[in-house]
Q: 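Pasting a structure below so you can have a look.
We name chains A, B, ... by the order of the sequence lines, and we start the count at 1 in each one. Both backbone and side-chain heavy atoms feed into the values below; hydrogens, waters and symmetry mates do not.
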Amino acid sequence: MTISLKNLSAEEYFLGHKACGGCGGSLVVRWTLKVLGERSYVVMPAGCMSAVGFIYPQMALGVNAMISPFAATGAVLSGIAAAVRAKGLRDVHVVGFAGDGGTADIGLQSLSGAFDRKERIIYICYDNEAYMNTGIQRSGATPWGARTTTSPGGFRPSSPAPKKDLVRIAAAHGVPFAATASVGYPTDFLRKVEIAGSIDGPSFLHVYAPCPTGWACESDATIRLGKSVVDTGLWPLVEWRDGAARLNRDPEAFVPLADYLAMQGRFKTLRPEEISAMERVRDGAWKSLRAWVRESSAG
Amino acid sequence: MSELHFLSGNEAVAQGVRLSRPRVIAAYPITPQTIVVERLSEMVESRELAAEFVHVESEHSALALVMGSAAMGVRTFTATSSQGLMYMAECLHYTSGGRFPLVMMNANRSLALPWNIYGDQSDSLALLSSGWIQVYAETAQESLDMIIQAYAVAEDVRVRTPVLVNLDGFVLTHTYEPVIVPDQDTVDAFLPPPDFPPGYPGTFDLLRPQSLAVSAGPGDYAGFKYRQHRDMVAAAEPIRDVGGRFAEIFGRGSADLIEPYRCGDAELVMITLGSIAGTVRDVIDDLRADGLRVGLLRIRYLRPFPSEDLRRLLFGPLRRAAVAAIGILEKDISFGHQGGVALEVKAALYDQAEASAPAGLPPVRNFIAGLGGQDISRGQIIAMFDDLARAAGRDGDEPARSVRFVGLEASR
């Protein structure tokens with residue numbers, strides 16, 4: 001059965017946590033577990049979701065779950081997966097939820113190991129584009145120009161450049177399934193979680209997850225931002241499955257970046273010419289993405 | 001039937017692991033531990049051992065991975081050494097705090113810088129406060145036996161504390177000895193099954209979902225840490241039980257956390273740990289032949305630290321002579337202070353001083369030797385006993401220097 005918003009489970013497996021209003025990450029966890037269900041083993045490294053979900057004695061996860069060392073999400077998932085094999089357990093899911101710092105920075109090594117060993121795990125990166133749990137410091141997934149508490153003037157290490165492409169890093173490992181998603185497009189997201197749950201091997205989802213606290217935006221802007229970031233072309237919806245990449249949305253034209261950026265205080269320092277440069281970077285990234293889709297499907 | 005094999009320390013560990021039937025093994029290579037995971041990989045490939053063998057990408061991942069497996073309620077194994085132990089240091093505190101009953105072998109090796117692959121005990125001593133039970137083997141036989149016993153101790157529901165089994169790098173890991181390898185049936189009867197029973201604390205349960213490895217505020221945190229300490233202290237009894245039961249069934253080994261040798265009437269007592277104890281014993285036999293009353297205490301467990309055993313062996317009512325001087329021979333230094341073992345021993349002696357005041361305590365000398373794998377010779381050990389004799393006031397003491405580095409003349 002294909003899962004959609006209409007038949008999504010009414011069960012709650014992430015409830016009573018202490019996430020901020022409008023937290024995109026908590027939506028990612030909540031929706032994912034509604035799809036995967038009660039026979040899930042969850043791993044969360046140090047980060048927002050573990051910080052708000054495991055405060056003794058008030059546990060927010062309705063499935064088996066544990067916090068991993070920050071760098072070790074992929075390893076702890078692998079340990080659970082190995083025990084699942086050893087015990088011969090069937091119909092279970094081993095799923096990790098890590099932030100962008102926990103994935104693109106400190107956790108990349110153990111994630112690479114898990115990919116390389118073809119572990120049967122689902123790894124979901126909820127990307128709120130900075131170290132939010134520690135107070136909005138710049139991470140390896142912070143977009144160019146964004147203000148964080150360690151880039152107070154806006155993060156500008158060089159001329160504008162695209163973010164680290166985690167899906168193509170995953171694809172380069174030969175994982176069977178890797179995709180982007182956004183909380184602004186839940187149907188697409190739920191479908192991808194369902195696919196991930198059916199894959200015999202590692203799957204990876206890189207999910208756009210707004211953080212009103214860190215982005216200086218309204219707490220009711222989460223879903224709007226999640227749509228806008230896709231429509232502006234900053235967050236392509238793409239999936240890689242069995243060696244071929246495919247665009248889930250392939251817009252002919254993009255909504256101007258300015259509207260998206262204006263919704264968030266973190267981009268306040270950007271000058272108009274910089275925004276134009278970011279649009280050129282976006283266009284270049286799409287060119288490369290379309291070439292990847294074309295070449296991988298042709299092969 | 002048990003069989004006699006000619007094995008290195010590392011191979012003996014691998015045999016002990018095979019007999020303990022872990023379900024998951026995480027392996028990352030580091031000299032001088034590599035033979036352990038090589039042998040285990042062969043055993044898994046040949047189906048002598050039914051385990052998931054996972055090639056991890058780092059030591060940090062090795063320990064994190066077996067923690068995940070232990071949360072699923074299965075027995076695990078990993079091994080490391082030196083830089084690898086340091087790299088996984090975060091995970092040592094993490095797994096002990098989470099009360100995961102892990103067993104890990106550590107090949108004791110020096111720490112960089114300078115780089116040096118040879119044996120000393122700087123690595124495990126640096127992690128004495130990580131919440132792991134620490135045991136130090138002297139022989140390949142004891143290494144095999146301690147792996148089996150370590151599982152029994154770690155998984156005891158009263159203990160639920162991980163165990164680090166230490167072997168001196170090269171001197172023990174790579175030296176071959178005749179080793180009795182027990183038969184599988186006897187080990188199976190000795191150990192609980194490798195799948196923990198349903199409801200075992202700190203494991204997942206599909207019917208009653210659990211949150212593990214949680215966070216706790218300042219008030220609750222202190223309680224968790226107190227219970228961790230309390231249960232580690234209390235682990236001495238299960239350790240003795242397991243050692244005693246092992247000795248009864250397998251006909252060797254001991255229930256003692258400290259193993260004495262010719263100590264009951266010794267005036268000069270050397271305290272040490274690990275493989276150097278054998279050489280110290282030989283020296284003691286020679287010096288005894290010359291009429292000197294010398295003896296040895298080999299510390300087997302540094303955690304939980306057997307303070308009361310130490311005081312009983314040094315000052316207890318069953319002693320036939322008073323101890324006149326104590327030496328502590330160890331392969332590590334806590335820079336800016338003393339050897340790590342000396343600090344432990346002296347802390348235990350202070351409590352004795354309170355109990356026995358005003359009688360006071362004998363002088364204590366700390367010998368730092370064998371750093372970076374330097375051989376500790378018989379002559380050096382004899383010289384240490386000479387130092388102790390002088391300290392005891394027999395030949396007029398030299399100005400007290402409680403920490404003495406041995407073997408520096410070999411250094412440029």
Side-chain angles (χ1 to χ4, degrees), chain A residues 13 33 37-46 50-89 91-92 94 96 106-117 119 121, chain B residues 21-26 28 50-76 78 87-95 98 100 194-196 202-217 219-221 223-224:
Chain A
Y13 298 104
L33 292 177
E38 61 186 9
R39 289 172 67 81
S40 299
Y41 297 99
V42 167
V43 176
M44 295 178 177
S50 61
V52 303
F54 291 82
I55 305 165
Y56 183 83
Q58 188 181 344
M59 299 298 134
L61 271 296
V63 296
N64 287 301
M66 70 189 292
I67 307 178
S68 72
F70 204 178
T73 315
V76 175
L77 288 168
S78 299
I80 294 173
V84 165
R85 292 196 298 277
K87 291 165 85 95
L89 287 178
D91 304 321
V92 297
V94 181
I106 196 170
L108 197 55
Q109 174 174 285
S110 71
L111 179 60
S112 174
F115 283 164
D116 183 47
R117 290 187 299 267
E119 302 284 0
I121 60 165
Chain B
R21 300 186 190 268
R23 307 296 306 276
V24 175
I25 296 167
Y28 191 82
E52 295 293 326
F53 188 95
V54 189
H55 302 83
V56 288
E57 62 289 339
S58 78
E59 288 92 352
H60 190 278
S61 283
L63 195 49
L65 189 144
V66 293
M67 174 181 69
S69 302
M72 294 289 286
V74 299
R75 185 172 295 158
T76 66
T78 191
Y87 192 46
M88 60 168 65
E90 173 197 15
C91 298
L92 269 87
H93 290 77
Y94 203 97
T95 48
F100 294 103
D195 285 60
F196 305 159
T203 58
F204 290 142
D205 185 339
L206 280 172
L207 300 177
R208 292 178 59 248
Q210 304 289 313
S211 284
L212 305 177
V214 303
S215 59
D220 288 316
Y221 182 90
F224 277 111

Q: Evaluate the ring planes of A:Tyr56 and B:Phe224, with Trp represented by its six-membered ring, and classify them as parallel (under 30°), tilted (30 to 60°) or perpendicular (over 60°).
A: perpendicular
Q: What are the two closest non-hydrogen atoms of B:Gly68 and A:Ile80, and how far apart are they?
A: O-CG1, 3.6 Å
Q: Only pairs under 3.5 Å count here: list side-chain donor-acceptor contacts from residues 65-73 of chain A, not counting sequence neighbours, and write none if there are none.
A:
none

Q: Taking side chain as everything from C-beta outward and backbone as N, CA, C, O, which of these in A:Arg85 sits under 4.5 Å from a heavy atom of chain B? Side chain, backbone, both or neither.
A: both
Q: Of the backbone (N, CA, C, O) and the side chain (C-beta and beyond), which part of B:Phe204 lies under 4.5 Å from a heavy atom of chain A, both, or neither?
A: both
Q: Tell me, for B:Glu90 versus chain A, whether the close heavy atoms (under 4.5 Å) come from the side chain, the backbone, both or neither.
A: side chain
Q: Looking only at heavy atoms, what is the nearest atom pair of B:Arg23 and A:Lys87, with distance?
A: NH2-N, 4.1 Å
Q: Measure the shortest side-chain to side-chain distance between A:Asp116 and B:Glu57 over non-hydrogen atoms and say whether it is less than 4.5 angstrom.
A: no
Q: Examine whether an atom of B:Glu52 lies under 4.5 Å from a heavy atom of chain A, and if so say whether it belongs to the side chain, the backbone or both; otherwise answer neither.
A: side chain
Q: Would you mind checking which part of B:Ala216 comes under 4.5 Å of any heavy atom in chain A, side chain (CB onward), backbone (N, CA, C, O), both or neither?
A: both
Q: Which one wins on heavy-atom pair count under 4.5 Å against chain B: A:Glu38, A:Glu119, A:Met59, A:Arg117?
A: A:Arg117
Q: Heavy-atom cut-off 4.5 Å, strictly under: side chain, backbone, both or neither for B:Val66 against chain A?
A: neither
Q: Yes or no on side-chain contact (heavy atoms from CB on, under 4.5 Å) for A:Phe54 and B:Leu212, after CA distance, side-chain angles and deciding distance?
A: CA-CA 8 Å; A:Phe54 291 82; B:Leu212 305 177; over 6 Å; no
Q: Less than 4.5 Å to any heavy atom of chain B: does that hold for the side chain of A:Leu89, its backbone, both, or neither?
A: side chain
Q: Which pair of non-hydrogen atoms, one from A:Ala82 and one from B:Val54, has the smallest distance, and what is that distance?
A: CB-CG2, 4.1 Å
Q: Could you have a look at B:Thr76, B:Leu206, B:Val56, B:Asp205 and say which one has the most heavy-atom pairs with chain A under 4.5 angstrom?
A: B:Leu206
Q: Is A:Val92 close to chain B through its backbone or its side chain, or both, or neither, when contacts mean heavy atoms under 4.5 Å?
A: side chain
Q: Counting heavy-atom pairs closer than 4.5 Å to chain B, which one of A:Ala86, A:Ser78, A:Gly113, A:Gly62 comes out on top?
A: A:Ala86
Q: Using a cut-off of under 4.5 Å for heavy-atom pairs, which of B:Ser211, B:Ala64, B:Gly217, B:Ser61 has the most such pairs with chain A?
A: B:Ser211
Q: Which one of A:Val42, A:Val43, A:Leu61, A:Ile55 has the most heavy-atom pairs closer than 4.5 Å to chain B?
A: A:Ile55
